[in-house]
Each structure stands twice: as structure tokens, then as C-alpha cells.
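As a basis for the values below, the full set of heavy atoms in this structure was taken, side chains included, without hydrogen atoms, waters or symmetry mates.
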Amino acid sequence: MDMEAGKTLTNEEVIRELLELIKKNAMKEQANDVFEICSYVDGLEKKIDSMTEELTNMQNQIKEMQEDTLVNNAKKALSEAQDRLNTRCEQIKLQVFQVKVHVKSTAKSIVDEAKVKGREALYRVSEFLGIKNKLLNIRENVRGAIKTSNKDIAKTALLGKELREAGQTTVNAFRTFADKPEVDYSKKEQKNPITKAVLVPMKAVRKLFVLMELHLDASIDKLDNLAMNVQIDKEKHKGNVKSVEQTEPERAEAERVEAEIVYSPMVAEPQEYQYNADAFEARGVDDVKQEAAHNDVSKVREDKAR
């Protein structure tokens, strides 16, 4: 697990190979989505590492706190708060590791299939949506950690205040007993070992949880965006293929119709067409013949009448 967790997703060979295949197939938006999703997961892991450092530092500070009755009574409560945060951090670390394993196995499966089937297999990057539920579970865990941190920070701040005031009361009690004037602590800077040892790292861990939640929100949105971009590209590509498929039959039909128009024999009676002067001359001859025939018929009728 440690060996796997130590390498970022964006530097994994299978992820780089997948991104290269997506880019070569002119799927730029999908490549960007996949890269950003992997970057978000890497960011979660970095924040967990930072939390672990803060919690380890807090644990060491609690151990080194000055031994006295008041602090000894508080150390147990502070250690329990540190343990709660540490347990939550380990849970989230395991969840993020599972996400990495899922992303890598999905990427390898897609790359292997794409080498055989080509572009169509790359649409499977939408299967990264399968980690959405895992990210949602992590986010719920993080939100729970934020609530726990808020409570522990408030209780630790109150404990520090009470310990500080108790110490001041004890000091003034001894000063009164020694006939010395009491110290006005309202005019002095309020310091307490708990503030530095526990409260500061606790607030730092809470801040990392908040940033982690924002990271998770962005990665979940990016998953939805990836699925949408894949669907758009799929429909667009399918539309182009359909257009090409329809063009071939249409072209064949057009060629068939054209062939019938040009090469089929005419159904009408064959006749000779004359143009320009010849046409007018021929029409004039016909008119003269028709007029002569008409005159002959009229003359015959007149002779019969007589």
C-alpha cells in the first residue's frame, strides 16, 4: 500500500498512456477532465500527508508538556482528541488509496481495449464515474471530521482558558500568602502551553479538512463533466458516421436517376427540329401549301353551287 500511495496518479505510466491515446483521438476535453480528476486525487493525498505531520507534531507536544497536576489531568483529554483526528485521517487515507486503485485499474482496462478496438473504447473513460460514490463517502467522512475538529477546538480552547486562569489564581494565592501584590493578568499576554502544543496544530488540521472538502467538491463536479463531454462527443461522432452512411446511397440514387434521364430513349414521336432561318422558311412553305389547299376546296364548293 505504501509503495502505491507514494506515487501520484498523474505520474503513473498507465494514466499517461491513457491521456496520450485520448489526445491522439481529438478528445481534448476528456483528456483535460481525466487529468484534473487525477490531480484532485493527488491533492487529497498531499493534504493527508500534511495532516499526519501536524498530528504527529501535536502528539509529541502533548508528551513534552510540563508535568504538573493540572496539565496531567488535561493530557488524557488532549490525547483522546488527537487520537480521534488521527483515526479519522487514517480512514480517509485508506479511502483515497482505494480511489487510486480504482482509477488505475479502469485506466489499464481502457488502454488495453483501445489498442484493439480504437476510439470507441476510449468512451469508457466515463466509467471513472464509478469512483463518484467513493468520493462522496470520503466527503461525508471529511465533513464529519470538520464537525469533530470544531468541537475539539472549542473544548481545547476552553480547557486552555481554565488551566490558564487556574494557574493565575494559584500564583496569586501564593503571592497573597507571601504578602505580595497580586499580578494583573489582564494586562499581560495570555500564554498557555496548550495553545501552542494542541490548539495550533488542531486548527491547522481543520483547515486541511476544509480544503479537502473543496477538493472533493471540484473532483465530483469534474466527474460529471467528464461523463457529459463523453456523451456529447459520442453523439457528435455517431452523427458524422450516420451522415457518411446516408451520403453513399443518396449519391448512388442520384447517379441512377441521371443515367435514366440521359441515356433512356425518348417516348415521343421522332421528329426533326429546325432552328433559326431554316425554321421560319419551312413554316412559310407550309403556310402557302395550306392556303392553296383551302382555295381549291372553296372553288370546288362554288362550282357545285352553280
**Prompt:** Yes or no on side-chain contact (heavy atoms from CB on, under 4.5 Å) for F209 and M51, after CA distance, side-chain angles and deciding distance?
**Reply:** CA-CA 9 Å; F209 277 132; M51 284 181 199; 3.3 Å; yes
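- Of all the heavy atoms in L55 and Q82, the pair that sits closest is O-NE2, 3.3 Å.
- With sequence neighbours excluded, the residues satisfying side chain to side chain contact (heavy atoms under 4.5 Å, CB included) with N141 are R88, Q91, I92, Q95.
- Ion pairing between R139 and E213 fails under the 4.0 Å rule for side-chain N and carboxylate O.
- The CG atom of L21 sits 6.0 Å away from atom CG of L122, with the distance rounded to the nearest 0.5 Å.
- Note that CG of D83 and CE of M58 are 8.5 Å apart. Values are rounded to the nearest 0.5 Å.
- Remark: F35 pairs with no residue by the ring-ring contact (aromatic ring centres under 6.0 Å, His included) rule, at least two apart or across chains.
- Shown here are the side chain to side chain contact (heavy atoms under 4.5 Å, CB included) partners of V210, two or more places apart in sequence or in another chain: I146, R206.
- Salt bridge D42/K46: absent, no basic N to carboxylate O contact under 4.0 Å.
- Here ring pair (Phe, Tyr, Trp, His ring centres under 6.0 Å) pairs that include residues 132-154, with residues two or more places apart or in two chains, number zero.
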Listing, residues 151-160 side-chain donor-acceptor contacts under 3.5 Å, not counting sequence neighbours, or none:
unit_1: D152; atom_1: OD1; unit_2: R84; atom_2: NH2; d: 2.7
unit_1: T156; atom_1: OG1; unit_2: D152; atom_2: O; d: 2.6

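- In this structure, a donor-acceptor pair under 3.5 Å is present between the side chains of N11 and T8.
- Looking at R119 and D233, a side-chain N of the basic residue comes within less than 4.0 Å of a carboxylate O on the acidic one, giving a salt bridge.
- Residue L223 holds its CG atom at 4.0 Å from CD1 of I37, rounded to the nearest 0.5 Å.
- Of all non-hydrogen atoms in A31 and I22, the two that sit nearest each other are N-CG2, 3.6 Å.
- Contacts of S109 classified as side chain to side chain donor-acceptor pair (under 3.5 Å), with partners at least two apart in sequence or in another chain: R124.
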